[in-house]
Number of protein chains: 2
Amino acid sequence: MLELSERKQHILAVIVERYIATGEPVGSKVICTQMGNAVSSATIRNDMADLVELGLLAQPHTSAGRIPSQAGYRYYVDNLMADYELDADEQERIKIWLGSFSSEPDKLLEKAGSILAELTNCVAVSSSPADSDAIIRRIELVPLSNHTAMIVLLASSGILKSAVVRSDAEINMDIAEVFYNICQTYFVSRSVSDISIPFIQTLVASLGDKVFVMSPFLCAIADLCEAVKTTDLHLKGQNNILNHSELSEEAFGLMDFIHRGTPLENMLDSHKAPLNVAIGSENVYRELKNSTTIFSKYSVGNKDSGSIGIIGPTRLDYAHLIPTIKYLAGVIGNMLTETLDE
Amino acid sequence: MLELSERKQHILAVIVERYIATGEPVGSKVICTQMGNAVSSATIRNDMADLVELGLLAQPHTSAGRIPSQAGYRYYVDNLMADYELDADEQERIKIWLGSFSSEPDKLLEKAGSILAELTNCVAVSSSPADSDAIIRRIELVPLSNHTAMIVLLASSGILKSAVVRSDAEINMDIAEVFYNICQTYFVSRSVSDISIPFIQTLVASLGDKVFVMSPFLCAIADLCEAVKTTDLHLKGQNNILNHSELSEEAFGLMDFIHRGTPLENMLDSHKAPLNVAIGSENVYRELKNSTTIFSKYSVGNKDSGSIGIIGPTRLDYAHLIPTIKYLAGVIGNMLTETLDE
DNA sequence: GTTAGCACTCACCCACACAGAGTGCTAACA
DNA sequence: TGTTAGCACTCTGTGTGGGTGAGTGCTAAC
């Protein structure tokens, strides 16, 4: 790690924080005042020149002040940033906002995304748990009309998926009973990755005369298992991209990137640590080379499941946003774990 | 309605279609060629001057060609536009895309929005049916674990709402039975607007010792009824706003507008006709004064329910988009009606 | 009513000058 | 050796003026 004199660290911190606040390059004179005129602006200029040399600061042009380079932000996040905890008020507010309506996992994640977008003024992304090894906990048939029913599947990943199925035959108690038995025998307690199309086909073949009645339901179950294995991304606050003038050049590319879906999923999947902060070109995808991504995983029942986080400019209030995202991920994890309580 | 000579109509049509295709102002010479040199460019210039006089064309500046004014688009849509039907291929493609996974109403609408965004390169908006007079068709309790259950509510508007509820007491057959009886007696066949907070309070008071077990469920039902009364908006293809250079000036305002939600809901609610095309300042909200909105209502069980449509620039391929949106609305209506079949 | 011919009008592009902010460097100082 | 005052320098942003070209509007003839 880079060794910096106390004063240079202080100067770097002032520049980062001031630039984060104003978006304007910071000149030596301003820093001088900010530091209570402890040293002259010329001294600060000398230090700033050194910091540029070290790659921690950048100069948009000769006659402008300095702005943090991506490495400068990184140094700030790793070494200078004040530890900040959400105060009880903020914590309470988030909890109430999130829990005002006890909802399904997918809706909870969507709502968490909305909250995050609101709090951060960035694009918020939340991913629902995708777990190929998830076990089917329960499957229920909910009759809706004579010919339609809803199938609900609860997986050990805490995720709940449902589909509406239409059957040509009337859905009565008999059918429900048969469905229940099939589920208990062939589906419940198995891994979702066992439920392949061939599996369904063999199963269907063994059903005899019930095959026509049952097959739409069984196909729906296969679809639901597929859905359990698939990551769902929820995007919120896309309007915030245009809020950040430094992103206006690449707003189009960014928008396109987040709408493409798959690369974003891959990125979230590749995260190993519970918290990931990627500044500028630390991001794998070059579409994000001028953006910062902050993502936190949440865990359902002690197992890392999905992520929630933001995509924004590199000029971000890291000191406040990182703890906020961490906290939100914690709350979501707890709420989703509850559904699995036996 | 404005009386125009055959030739002027033709010139207007050429200008509108060419401008839609290229985005460049159209000059007299180009039109001349397009019309097979039937008349000279000077003649066309004279006609164009008349069309400007009538307010159907506009001139970005003296030495540029002409572009359609908003009134010009309107005249085109009302009188000149070719009637276009989706061919069987396109129809089939939409149906397959939409119906690949028999889904819940909300998800169906979301998917329809995605399809529309894809097909039109515009922001697609779909609203789920909100009906204050909807009748509760069914309420079902789906146990998920010892202490959590899902409540599913089907309303006559074709909409299905669900919530996950956590109860301190264990959820067993007894509780399911009590719940079922309460639902049959107090909820099913009533209008969702009857299920007010006071109603729930009186009901709770009459439950005696079951009050603690039941109240979270009953509160959830009240929330669900509220949800049935509320319009849900699904936005898709927001990246498309940046695709249209003519909207880049107001991209920020537009983005903000569609994210505010309520005005958009009000707009959809105010539509009386099955198909609404508002060009530029025909839109009530001034944020849309340079945009076009095309919305079609879909009906569930012969009753107008929600809308689906797009927001884009005034420069749109009206001749193709309008039939596409109409068709999609028709398909959605049919699919949602099916769920209600008794 | 239609056409050819021509002057005219802007938007666009480029080059240039000017002001202002903030620096880099030098020489003096503690 | 580290710090400071002073000053020339550099580069952006803005505004001004001339040149080019596309497309028009107008006039006079057909």
Side-chain angles (χ1 to χ4, degrees), chain A residues 3-12 14-19 21-69 72 245-246 248-249, chain B residues 3-12 14-19 21-69 72 245-246 248-249:
Chain A
E3 276 302 334
L4 288 186
S5 74
E6 192 104 348
R7 193 177 62 207
K8 280 178 185 164
Q9 292 194 4
H10 192 179
I11 291 175
L12 180 55
V14 168
I15 292 178
V16 171
E17 277 159 18
R18 197 160 176 102
Y19 183 66
T22 66
E24 301 283 314
V26 188
S28 54
K29 219 167 164 183
V30 175
I31 302 174
C32 193
T33 322
Q34 186 101 359
M35 290 172 72
N37 294 308
V39 287
S40 81
S41 65
T43 309
I44 290 172
R45 277 204 293 281
N46 288 332
D47 284 349
M48 291 202 297
D50 292 347
L51 289 169
V52 170
E53 187 78 13
L54 290 167
L56 297 173
L57 291 180
Q59 223 172 346
H61 55 267
T62 342
S63 68
R66 301 305 206 288
I67 62 174
S69 68
S245 52
E246 57 266 57
S248 62
E249 291 261 314
Chain B
E3 276 301 335
L4 288 187
S5 74
E6 193 105 345
R7 193 177 63 209
K8 281 181 185 162
Q9 292 194 4
H10 192 178
I11 291 174
L12 179 56
V14 169
I15 292 179
V16 170
E17 277 160 17
R18 199 162 174 97
Y19 182 66
T22 67
E24 300 284 313
V26 187
S28 54
K29 221 168 163 183
V30 175
I31 301 173
C32 193
T33 322
Q34 185 102 359
M35 289 171 74
N37 295 307
V39 288
S40 80
S41 65
T43 310
I44 292 172
R45 278 206 292 282
N46 287 332
D47 283 350
M48 290 201 299
D50 291 348
L51 289 169
V52 171
E53 187 78 15
L54 290 167
L56 297 174
L57 291 181
Q59 224 172 346
H61 56 267
T62 341
S63 68
R66 303 305 208 287
I67 61 174
S69 68
S245 53
E246 57 264 58
S248 62
E249 292 261 311

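Side-chain atoms are counted along with the backbone in the values below, which use heavy atoms only and exclude waters and symmetry mates. Every chain is numbered from 1, with letters handed out A, B, ... down the list of sequences.
When rounded to the nearest whole Å, the span between NZ of Lys29(B) and C1' of dG25(D) equals 16 Å. Rounded to a whole Å, the CE atom of Met48(A) is 14 Å from the P atom of dT4(D). Here the P atom of nucleotide dC8(C) and the NE2 atom of His61(B) are 18 Å apart, to the nearest Å. As rounded to whole Å, 12 Å separates atom P of dG25(D) from atom CG of Asp47(B). The CD atom of Gln59(B) sits 10 Å away from the P atom of dC10(C) (whole-angstrom rounding). Between Tyr19(B) atom OH and dG23(D) atom C1' there is a gap of 16 Å when expressed in whole angstrom units. One can place CD1 of Ile44(B) at 18 Å from C1' of dC26(D), the figure rounded to the nearest angstrom. What separates CD1 of Ile31(B) from C1' of dA22(D) is a distance of 14 Å, to the nearest Å.
Atom CG of Leu56(B) is separated from atom CE of Met48(B) by 13.5 Å, given to the nearest 0.5 angstrom.
Taking only side-chain nitrogens and oxygens, Ser40(A) comes nearer than 4.0 Å to OP1 or OP2 of dT4(D). For dT27(D), the OP1/OP2 oxygens have no side-chain nitrogen or oxygen of Arg45(B) closer than 4.0 Å.
Heavy-atom minimum distance, Tyr19(B) versus Ile67(B): CE1-CG2, 3.5 Å. The nearest pair of heavy atoms linking Gly72(B) to Leu12(B) is O-CD2, 4.4 Å. Minimum heavy-atom separation, Ser40(A) to Cys32(A): C-SG, 3.9 Å.
Counting heavy atoms of neighbouring residues, nucleotides and ligands inside a 6.0 Å radius, atom NZ of Lys29(B) does not exceed 12 of them.
dA7(C) is paired with dT24(D) under the Watson-Crick or G-U wobble criterion, all donor-acceptor distances under 3.5 Å. Across the strands present, dC30(D) finds its partner in dG1(C); the criterion is a Watson-Crick or G-U wobble pair with both atom distances under 3.5 angstrom.
Residue Ser28(B) is in sugar-phosphate contact alone, with no base atom involved, counting any heavy-atom pair closer than 4.0 Å across all strands shown.
Taking every side-chain heavy atom of Ser63(B) into account, dG23(D) is the closest of dG23(D), dT3(C), dT23(C). Taking the side chain of Thr43(A) as heavy atoms from C-beta on, and the options dG25(D), dT3(C), dT4(D), the nearest nucleotide is dT4(D). Nearest to the side chain of Arg7(B), among dT9(C), dT2(C), dA11(C), sits dT2(C).
Between Ala49(A) and Asn46(B), the residue anchored closer to the 5' end of DNA chain C is Asn46(B), taking for each the nucleotide with the nearest heavy atom. Between Ala42(B) and Pro25(A), it is Ala42(B) whose nearest contact on DNA chain C lies nearer the 5' terminus.
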